[in-house]
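One structure is given here, and the rest of the page talks about it.
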Amino acid sequence: MKMVRTIKGTHDILPAQSGDWQDLETQIHKTANLHGYDEIRTPIIEDAALFNRGVGEETDIVSKEMYSWIDKDKSTISLRPELTAPVVRAYVQHNLGGQSLLQRLYYIGPSFRRERPQKGRQRQFHQFGVEAIGSDNPEQDAEVISIGWNILNNFGINELELNISSIGSDDCRTNYKQELINYLKPFIPQLSEVSQHRLKHNPLRILDTKNKDEIKIIESAPKIENFYTKEDETYFLTVQQYLDDLEIPYKINPLLVRGLDYYTQTTFEISSKKIGAQDALLGGGRYDGLIKSLGGKDVPAVGFAAGMERILIATDSRKRTDKQVACIYIVCTDLSALGPLQQIAKNLRELDIKVILETLRRSMKAQMREANKKNANYAIIVGEQEAIDKTVQLKNLNEGKQDTINQGELIAYFKSLTF
RNA sequence: GUGGGUGUAGCUCAGCUGGUUAGAGCACCUGGUUGUGGCCCAGGAGGCCGUGGGUUCAAGUCCCAUCACUCACCCCA
């Protein structure tokens, strides 16, 4: 019989790793809450139209990476490739804007994209992110950026680099796009096939090219900052001012172009040099037009998404602060004592003490080895004699000392004890 | 979609120019005398050497195919 295994690009998170995940999740919940953000959870499957309209048909994500299928009722369903569109959908659907002018939301969960897997890239991967929906002021951008920065920083990732840019207002971008196209037209024969296609559909993306010849051409292309309106410029400078106030270091990178259609004004990305080619840990920006385009009111918003697998890769060498929980292993070689020991185990657990009770009926030596392997602080040992006497041998496994205690006195003993 | 690398025990790997019953470390199990862990010692279990075909007296080792994993490109978290 052939073994069934995880499908390409998906991974099990095994017990040896799940503690790291829990730590990261704890850090996310904590930092987001400290900034006044509340969690939102949305379905993993959505109407495909949400992403076609929200993320954009021309993006790689939707045009070639999205898992979609036609359901039994002929509707087209997609596994979500990202969470901003779903969160906005929920905001619009439940009219969250009606409850308060500003919604500060965060999320954690899996996303799906059908790509060739490599280091830091999977077909099922986990993202967390925040979305601040309602404010069009630069302090909101700075707040969102700082949450991302703080989570990564608090989690102990070194060599973080924050790049920021602004792609300006709609007017600015329209003018700039036209100028860029005019500039690039004479170079069309020298452009790659992909870039030629982009020239028609999404010329800004050409700025992000990795092709050496194209990089040279781009170097003397018109710069977007020359097309900012007065307001765009002030806005971007104010975001920078607040980042300075928050003591968050950043680099201005005008070539930072994000591959999703919905961004406006501020865009940003945090990366780490430590993790291979896929070095973006977190990316986001302002998306003032998205809510309206998904059927809501004309509400401004800003947010980011971060890749949890990549963060964990970047923290590989991190020292986990092992919060050793109190643990007792119950060693029993006399079945007649098992009933009373069940009772004792239950009572100890009610004191928030981790209790593991042998269920393999192994030899005493094997059970003691197991207790050691589980890092138990104490072993409660009951053999033939103790079963008769209604006592236990209580062994402190750190010190190696052992005492006889009446079964009836055990709970009181542990109540008075601090681990 | 395109290109490179790698497939030997649960894990990390060794196996020279093809030559007997395929090895190590870690992990696992059992012991080291009366019912007690860690350290140490002894023993044990565990591999159709990714799969299929070919060359050969002989293939883990050479050739071909195939699959899987992995890294990178594109793009993204």
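None of these values were measured; they are calculated from a predicted model. What's counted below: heavy atoms across the whole structure, side chains too, no hydrogens, waters or symmetry copies. Chain naming here is simple, since letters A, B, ... match the order of the sequence lines and numbering starts at 1 in each.
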U2(B) base / R116(A) side chain donor-acceptor hit below 3.5 Å = yes
Expressed as a whole number of angstroms, how long is the span from [X]:[atom1] to [N]:[atom2]?
| X | N | atom1 | atom2 | value |
| --- | --- | --- | --- | --- |
| M364(A) | G37(B) | CE | C1' | 12 Å |
| L397(A) | G37(B) | CG | P | 11 Å |
| K8(A) | A68(B) | NZ | C1' | 7 Å |

Can you tell me how far [atom1] in [N] sits from the matching atom in [M], rounded to whole Å?
| N | M | atom1 | result |
| --- | --- | --- | --- |
| C73(B) | U12(B) | C1' | 30 Å |
| G46(B) | U30(B) | P | 16 Å |
| G7(B) | C48(B) | C1' | 16 Å |
| G23(B) | G15(B) | P | 15 Å |
| G60(B) | G18(B) | C1' | 10 Å |

Looking across every strand, which nucleic acid part, if any, lies under 4.0 Å from [X] by heavy atom: base, sugar-phosphate, or nothing?
| X | result |
| --- | --- |
| Q402(A) | base |
| Q367(A) | nothing |
| E309(A) | nothing |
| G129(A) | nothing |
| E386(A) | base |

Nucleotide paired to A72(B) in any strand shown, Watson-Crick or G-U, under 3.5 Å = U2(B)
Which base sits across from A24(B) as a Watson-Crick or G-U pair, both distances under 3.5 Å?
-> U12(B)
Knowing that exactly one of D244(A), L246(A), D245(A) qualifies, which makes a side chain to side chain contact (heavy atoms under 4.5 Å, CB included) with I248(A)?
-> L246(A)
Of Y263(A), Y235(A), F268(A), which meets side chain to side chain contact (heavy atoms under 4.5 Å, CB included) against R286(A)?
->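 Testing each of Y263(A), Y235(A), F268(A) against R286(A), the sole residue satisfying side chain to side chain contact (heavy atoms under 4.5 Å, CB included) is Y235(A).
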Given G32(B), U70(B), C29(B), the nucleotide with the shortest approach to the side chain of K365(A) |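 Of the candidates, G32(B) comes closest.
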Run the salt-bridge test on [X] and [Y] with the 4.0 Å N-O cut-off and return the result as yes or no.
| X | Y | result |
| --- | --- | --- |
| E179(A) | K177(A) | no |
| R104(A) | E131(A) | no |
| K401(A) | E399(A) | yes |

Would you kindly compare A280(A) and G9(A) by the position of their nearest RNA chain B nucleotide and give the one closer to the 5′ end?
->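 Closest to the 5' end, via its nearest nucleotide, is G9(A).
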Assign each of R362(A) and Q385(A) the nucleotide of RNA chain B bearing its closest heavy atom; nearer the 5' end lies the nucleotide of R362(A)
